[in-house]
Amino acid sequence: MFNSLTGIITGKFPKQVFIDTNGVEWDLCVPDSNLDMLPPVGNEARIFTWLQHTDQLMSLYGFASVDERSLFLDLLKVDGVGPKGAVKIMSSVSSSRLTDILEKGDLEMLEKIPGVGKKTAGKMILTLKGKLKLSENSSGSVLSVGAASPYADVVLSLASMGYDKKLVEQKVAQLVEVLTNEPDFAGKSQKEREDILFRRAIVELA
């Protein structure tokens with residue numbers, strides 16, 4: 001029924017976006033990981049949508065790209081994962097990270113994602129392993145560092161120093177992507193990698 005909405009973003013909140021399309025303001029449920037992919041308030045954006053319509057409610061979900069919406073729909077295929085649960089999962093881990101975890105069948109890492117218990121993690125691997133693919137130019141490939149990341153402690157430390165958490169998550173994720181391609185970084189212990197990442201992030205954020 002709805003494929004997308006194009007208009008001016010009038011509000012951005014945790015898991016929620018308002019968008020005005022020629023005088024009609026829509027209230028969409030959006031994964032937190034998608035919020036940073038969308039333009040700031042006051043700018044025009046195109047948000048891809050999915051409508052949930054039951055006898056009890058009608059809810060509109062929004063996504064920054066077709067791939068993000070496809071991931072959401074794939075998560076709905078998992079027994080026990082509803083729309084709210086899928087949004088919670090996507091708010092905690094980037095599409096690229098989730099795809100990597102599922103591809104490796106990393107049950108332990110999946111269980112660390114908020115909203116995913118041991119039973120659900122097993123169902124996700126059974127249902128989705130080897131079936132999630134992102135386009136090379138997908139906005140969904142933008143990294144974020146959620147609670148399941150091995151560098152979550154670095155984010156928390158920087159946020160406690162007064163830096164904006166969302167900005168810190170983006171910066172740390174960008175640095176991780178760069179540093180993991182450097183042999184010296186990959187060969188370090190977890191503690192040493194965290195120290196390197198912490199120092200580099202402070203310089204970049206400053």
Side-chain angles (χ1 to χ4, degrees), residues 4 12 14-15 17 29-39 45-48 50 61-78 81 83 85-116 120-156 158 165-183 185-186 190 193-194 196-197 200-201 204:
S4 67
K12 292 176 72 174
K15 297 183 179 64
V17 164
C29 180
V30 177
D32 289 339
S33 60
N34 280 223
L35 289 176
D36 294 329
M37 301 177 195
L38 296 171
R46 183 184 184 188
I47 302 179
F48 295 88
W50 180 79
Y61 292 78
F63 307 91
S65 71
V66 171
D67 274 350
E68 290 292 316
R69 181 175 61 185
S70 294
L71 174 60
F72 170 82
L73 295 175
D74 282 333
L75 288 172
L76 295 184
K77 297 175 184 176
V78 179
V81 176
V87 167
K88 185 174 183 179
I89 292 170
M90 292 179 67
S91 293
S92 305
V93 62
S94 70
S95 300
S96 57
R97 178 62 175 155
L98 180 58
T99 301
D100 183 59
I101 291 172
L102 287 169
E103 192 65 32
K104 293 176 180 177
D106 193 336
L107 188 64
E108 182 179 353
M109 187 60 71
L110 266 181
E111 290 176 21
K112 293 180 180 179
I113 299 175
V116 179
T120 300
K123 291 179 180 178
M124 288 175 67
I125 290 176
L126 182 64
T127 306
L128 301 176
K129 183 179 179 181
K131 299 177 182 178
L132 296 181
K133 301 295 180 184
L134 294 177
S135 303
E136 292 183 2
N137 61 347
S138 168
S139 298
S141 63
V142 176
L143 297 177
S144 65
V145 178
S149 167
Y151 301 106
D153 286 343
V154 175
V155 171
L156 291 175
L158 290 165
K165 187 177 179 182
K166 284 292 183 183
L167 180 61
V168 169
E169 288 177 343
Q170 288 182 325
K171 182 55 64 180
V172 169
Q174 291 169 1
L175 288 172
V176 169
E177 189 173 29
V178 172
L179 290 171
T180 49
N181 294 320
E182 298 179 8
F185 180 79
Q190 176 66 19
R193 290 198 297 270
E194 289 179 354
I196 292 172
L197 189 58
R200 285 281 295 271
E204 297 262 353

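Fair warning: this is a prediction, and the values are worked out from it, not measured in the lab.
In this structure, Ser96 and Thr99 have side chains that are not in contact, with every pair of non-hydrogen atoms separated by 4.5 Å or more. Residues Ser65 and Met37 are not in side-chain contact: their nearest non-hydrogen atoms beyond the backbone lie 4.5 Å or more apart. Here the side chains of Ser33 and Ser91 are not in contact, with every heavy-atom distance at 4.5 Å or above. With contacts defined as side-chain heavy-atom distances shorter than 4.5 Å, the pair Gln174/Glu169 does not qualify. Residues Ser95 and Glu68 form a side-chain contact, since some pair of their non-hydrogen atoms from C-beta on lies under 4.5 Å apart. Residues Gln170 and Asp36 meet the side-chain proximity criterion, which asks for heavy atoms closer than 4.5 Å.
In this structure, the separation between CD1 on Ile125 and CG on Leu107 is 4.5 Å, given to the nearest 0.5 Å. Residue Leu98 holds its CG atom at 6.5 Å from CG of Leu110, rounded to the nearest 0.5 Å. From Lys15, atom NZ reaches atom CG of Leu35 across 9.0 Å, with rounding to the nearest 0.5 Å. Atoms CG and OG1, on Leu75 and Thr127 in that order, are 10.0 Å from each other to the nearest 0.5 Å. Ile113 CD1 to Arg97 CZ: the interatomic distance, rounded to the nearest 0.5 Å, is 8.0 Å. Taking CE of Met90 as the start and CG of Leu71 as the end, the distance is 4.5 Å to the nearest 0.5 Å.
Looking at residues two or more places apart in sequence or on another chain, you find a side-chain hydrogen bond (donor to acceptor under 3.5 Å, both in side chains) between Lys104 and Asp100. Remark: Leu73 engages Trp50, Arg69, Leu76 in a side-chain contact (heavy atoms from CB on, under 4.5 Å) (not counting sequence neighbours). Lys171 is linked by a salt bridge (charged side-chain N to carboxylate O under 4.0 Å, His left out) to Glu204, counting only residues two or more places apart in sequence or in another chain. For Ser4, the side-chain hydrogen bond (donor to acceptor under 3.5 Å, both in side chains) test picks out Arg46, with sequence neighbours left out. Taking Lys77 as the reference, Asp74 meet the side-chain hydrogen bond (donor to acceptor under 3.5 Å, both in side chains) condition, with sequence neighbours excluded. Among residues two or more places apart in sequence or in another chain, the ring pair (Phe, Tyr, Trp, His ring centres under 6.0 Å) test is passed with Phe63 by Phe72.
Between Leu158 and Ala201, the closest heavy-atom pair is CD1-CB, 3.6 Å. Lys12 and Val17 make their closest contact through CG-CG2, 4.3 Å (heavy atoms, listed as atom of the first residue, atom of the second, distance). Between Pro83 and Tyr61 the shortest heavy-atom distance is CB-OH, 3.2 Å. Of all the heavy atoms in Pro31 and Gly62, the pair that sits closest is CD-O, 3.5 Å. For Leu197 against Val172, the heavy-atom pair with the smallest separation is CD2-CG1, 3.7 Å.
Side-chain contact check for Gln190 and Glu194: at least one donor-acceptor pair (N or O, by modelled atom type) lies under 3.5 Å.
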Derivation and outcome, side chain to side chain contact (heavy atoms under 4.5 Å, CB included), residues Met124 and Val116: CA-CA 9 Å; Met124 288 175 67; Val116 179; 4.0 Å; yes
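The backbone N or O of Pro14 sits nowhere less than 3.5 Å from a side-chain atom of Asp32 that would complete a donor-acceptor pair.
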